[in-house]
**Student:** 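Quick one: the structure is below, questions incoming.
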Amino acid sequence: MPELPEVETVRAGLVRHVLHRPLAAADVLHPRAVRHQAGGASELHADLQGRAFRAAVRRGKFLWLELEEADRDAPVSPDHALLVHLGMSGQLLIQPPASPGTPHASTALPAAEQLARPVTSTTAHVRVRLRFVDGGQLWFVDQRTFGYVRSVPLVATDDHAPGGQGSELPLVPLPAAHIARDLLDPAIDVPAVIQSLRARRTEIKRAILDQALVSGIGNIYADEALWRAELHGTERTDLVPAGQLAALLEHARAVMSEALAAGGTSFDAMYVDVDGAGGYFERSLDAYGRAGQPCRRCGTAIRREQFMNRGSFSCPACQPPPHC
DNA sequence: CATATCCCCTGCGGGC
DNA sequence: TGCCCGCAGGGGATAT
């Protein structure tokens, strides 16, 4: 999936394009996209119709668009948002008002790419179409349908910054209330994360992929952080010294920050921002996807192992597995 | 409770 | 050419 840097790239694009524009309709083109919405497509439409977004917010890989109040004079009601999870293959694509947004005329892509692109790839997988009153659209596109959109109430979380100064509790979507802060969140309490990591009795890669412990890290950046920290993913969390855990988290933060600056990691047209453009971080990866290629630190061939039913890439020399 | 496994999907590339 | 297999950036829902 888009991991934290890719989702943040999408969020920044939403801020530039979709705030304060009233919605005319939400069209659900594939039922799986709204499978977590109790009332289904009709409820999503009813919750969005006539409303506008006031902010685009992200925590880890969870993204949501806060809704402006429908009626300023209405009695106080809980804040609501449109929650979006991109899953493995989700995209949000802007369709400017100038274009009718028909499936055959995507202006989200550069002209040259439009001509080269088969009709099938992106446009065939539009799952939800948000139509703005001004004629523009926001498409939720998702080939593998692991992603979803859903209107949700926002709730105040009880976690807060260390020191807790000026601390209003942040609003998060109710279904994502269990998601921990991520490493690019200025209010994250890193020492507390290290403590909960050490309290775990599991392998280190499992732990840093657990979104309830620290969010935003996925398979790519987990492997990159482990490579930089010279740790093997099957190392037990409770046996890794706290200093090494701190270094690992700092590497994860740094690699995601660098990837964000490069526009994210795009292996293909699946991982793109709201304008359809991909990022350039793939060329900077040191471990992920580099099986058989020389480690950039010591020259040993990077190995690929099966772990948690997916690939894990590491250097056999720099990251020896713990002996049991 | 914490932790581990299993699935949900579609499409693509490689081997036969 | 075509079929079958493995593989893909995630996490929710169940098992233990």
**Student:** Go through the side-chain N and O atoms of Gln37(A) and Glu43(A) and say whether any donor and acceptor fall under 3.5 Å apart.
**Tutor:** yes

**Student:** My validator wants the stems of DNA chain C: runs of 3 or more consecutive Watson-Crick or G-U pairs, both distances under 3.5 Å, written as range with range.
**Tutor:** B:2-8 with C:10-16, B:10-16 with C:2-8

**Student:** Are Arg228(A) and Glu230(A) within salt-bridge range, i.e. N to O under 4.0 Å?
**Tutor:** no

**Student:** Kindly state whether the pair Phe146(A) / dG10(C) counts as stacked, where counting means centroids closer than 5.5 Å and planes tilted less than 30° apart.
**Tutor:** yes

**Student:** Counting only distance, no hydrogens or angles, is the base of dG11(B) paired donor-acceptor with the side chain of Arg144(A) under 3.5 Å?
**Tutor:** no

**Student:** Could you list all N or O pairs between the protein and nucleotides 12-16 of chain C that sit under 3.5 Å apart?
**Tutor:**
| from | atom 1 | to | atom 2 | distance (Å) |
| --- | --- | --- | --- | --- |
| dG12(C) | OP2 | His178(A) | NE2 | 3.4 |

**Student:** Compare side-chain N and O positions of Gln143(A) against OP1 and OP2 of dG11(B) and report whether any pair is under 4.0 Å apart.
**Tutor:** no

**Student:** Tell me whether Asp79(A) contacts the main-chain N or O of Pro153(A) through its side chain, where contact means a donor paired with an acceptor under 3.5 Å.
**Tutor:** no

**Student:** Between Arg181(A) and Asp189(A), does any NZ, NE, NH1 or NH2 come within less than 4.0 Å of an OD or OE carboxylate oxygen?
**Tutor:** no

**Student:** Select base, sugar-phosphate, or nothing to describe what Phe267(A) touches, counting heavy atoms under 4.0 Å on all strands.
**Tutor:** base

**Student:** With rounding to the closest Å, how many angstrom separate the P atoms on dT14(C) and dC9(B)?
**Tutor:** 14 Å

**Student:** Check whether Tyr288(A) forms a cation-pi arrangement with Arg304(A) (NZ or CZ under 6.0 Å from the six-membered ring centre, at most 45° off the ring normal).
**Tutor:** no

**Student:** Extract from the structure each pairing of a protein N or O with an N or O of nucleotides 3-6 of chain B at less than 3.5 Å, listing the distance.
**Tutor:**
| from | atom 1 | to | atom 2 | distance (Å) |
| --- | --- | --- | --- | --- |
| dT3(B) | OP1 | Arg201(A) | N | 3.0 |
| dT3(B) | OP2 | Arg200(A) | NE | 2.4 |
| dT3(B) | OP2 | Arg200(A) | NH1 | 3.3 |
| dA4(B) | OP2 | Thr202(A) | OG1 | 2.7 |
| dT5(B) | OP2 | Arg206(A) | NH2 | 3.3 |

